[in-house]
Amino acid sequence: MNIKTWFHLFWTTLLIGSLGAVAAGLALQGISGAVPFKGITDFMLYALILFGYGMLVSVYSQLGFFAYLILNYMGFGVFPRKIWQYIQLVLALLALFDLFLIRSFVGGERSLTADLLLGLSILIAALAVAHFKVRDTNASAWIPTFFFMTGITIVELIGVLRIGVDNATLFIVVPLVACNAFQILRLHRILRPVPDNFKR
């Protein structure tokens, strides 16, 4: 990946995150009407705030994405390929199990229904993204994609999950999942094959 392709990935992911935050914010506003608008100026200002918030979520998502790439590189260096694949799958399932059940049973103040809906949403999104990734690449991409879309996404959500406010969770989940899905699906398209004379 060179500077040009990284620059393209950065700005397109930034736009995806911003649009995702605007969509989530306006949908919540349409459902709950929590923010009273006195006119079109208030509405435009609210949309602008959502757009900026989505940019912040996008940057956060990109940090998590590059952290995963480093982790994946180190994992392949330490473990055999098959073992590292299984480790990722186990970690992904543990993260989902924690999100589905453990937080609700250990922390009684949490809503089991909210956690189940959040976990199912992340699971469905991960399965869909992994399907498209395999379709565009090969079967070996399924577990890494699934791990990234579940385990890494849930780790990125830890801060907002501690708040325990469903609206705040939705505000970050929508743009975060959109950014993560876009990056992992875009990665193989922007990486150039290594020329034969550079292979060892």
Side-chain angles (χ1 to χ4, degrees), residues 1-28 47-77 84 87-89 91-92 95-96 98-99 118-119 121-137 140-163 167-194:
M1 182 184 294
N2 55 33
I3 296 296
K4 183 178 180 181
T5 54
W6 173 81
F7 195 73
H8 169 75
L9 182 65
F10 175 81
W11 285 107
T12 49
T13 307
L14 207 68
L15 181 61
I16 294 292
S18 298
L19 294 178
V22 171
L26 294 181
L28 282 175
L48 183 62
I49 292 172
L50 292 174
F51 193 85
Y53 172 77
M55 293 174 68
L56 294 176
V57 174
S58 168
V59 173
Y60 184 59
S61 168
Q62 294 184 61
L63 290 174
F65 180 63
F66 282 100
Y68 166 72
L69 293 180
I70 294 171
L71 174 66
N72 198 41
Y73 179 79
M74 293 174 62
F76 280 127
W84 177 236
I87 289 174
Q88 290 182 85
L89 182 59
L91 291 175
L96 283 170
D98 176 66
L99 185 61
L118 176 61
S121 300
I122 292 175
L123 176 60
I124 291 170
L127 291 173
V129 172
H131 168 75
F132 287 112
K133 184 73 173 181
V134 168
R135 190 187 67 176
D136 291 345
T137 57
S140 65
W142 195 92
I143 291 179
T145 304
F146 182 76
F147 171 66
F148 175 70
M149 291 300 300
T150 54
I152 301 300
T153 299
I154 291 171
V155 169
E156 291 173 331
L157 287 172
I158 287 177
V160 72
L161 291 176
R162 288 178 176 173
I163 298 175
N167 284 354
T169 302
L170 187 61
F171 266 128
I172 192 172
V173 165
V174 173
L176 184 63
V177 170
C179 288
N180 285 349
F182 175 77
Q183 289 177 101
I184 199 70
L185 290 175
R186 188 66 181 164
L187 182 64
H188 63 276
R189 298 181 182 277
I190 63 176
L191 291 180
R192 296 178 179 177
V194 180

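When a residue number appears, it is its place in the shown sequence, counting from 1. Predicted, not measured: the structure shown is a model, and the values here were computed from it.
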Q: Test side-chain contact (heavy atoms from CB on, under 4.5 Å) on His8 and Thr12 and set out the steps.
A: CA-CA 6 Å; His8 169 75; Thr12 49; 3.5 Å; yes

Q: Assess whether side-chain contact (heavy atoms from CB on, under 4.5 Å) is satisfied between Leu50 and Phe171, documenting all intermediate values.
A: CA-CA 9 Å; Leu50 292 174; Phe171 266 128; 3.7 Å; yes

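- No donor-acceptor distance shorter than 3.5 angstrom exists from the side chain of Thr145 to the backbone of Ala130, with no hydrogens or angles considered.
- For the atom pair Arg186 CZ and Gln183 CD, the distance stands at 12.0 Å (nearest 0.5 Å).
- Remark: Leu56 CG to Ser61 OG distance equals 12.5 Å, nearest 0.5 Å.
- Applying the side chain to side chain contact (heavy atoms under 4.5 Å, CB included) test to Leu185 and every residue at least two apart in sequence or in another chain returns Val129, Phe132, Lys133.
- The aromatic rings of Tyr68 and Phe148 are tilted relative to each other, their planes meeting at an angle between 30° and 60°.
- Partners of Leu48 according to the side chain to side chain contact (heavy atoms under 4.5 Å, CB included) rule, which considers only residues two or more places apart in sequence or in another chain, do not exist here.
- Residue Leu91 holds its CG atom at 8.5 Å from CG of Leu71, rounded to the nearest 0.5 Å.
- Legend: residues meeting side-chain hydrogen bond (donor to acceptor under 3.5 Å, both in side chains) with Thr137, ordered by chain and number and at least two apart, are absent.
- Taken to the nearest 0.5 Å, the CG atom of Leu123 stands 9.0 Å off from the CD1 atom of Ile154.
- Within the model, atoms CZ of Phe147 and CG of Asn72 stand 8.5 Å from one another, a figure rounded to the nearest 0.5 Å.
- The CG atom of Leu96 sits 5.0 Å away from the OG1 atom of Thr150 when rounded to the nearest 0.5 Å.
- Between Trp142 and Phe146, the ring-plane angle classifies as parallel under the 30° and 60° cut-offs.
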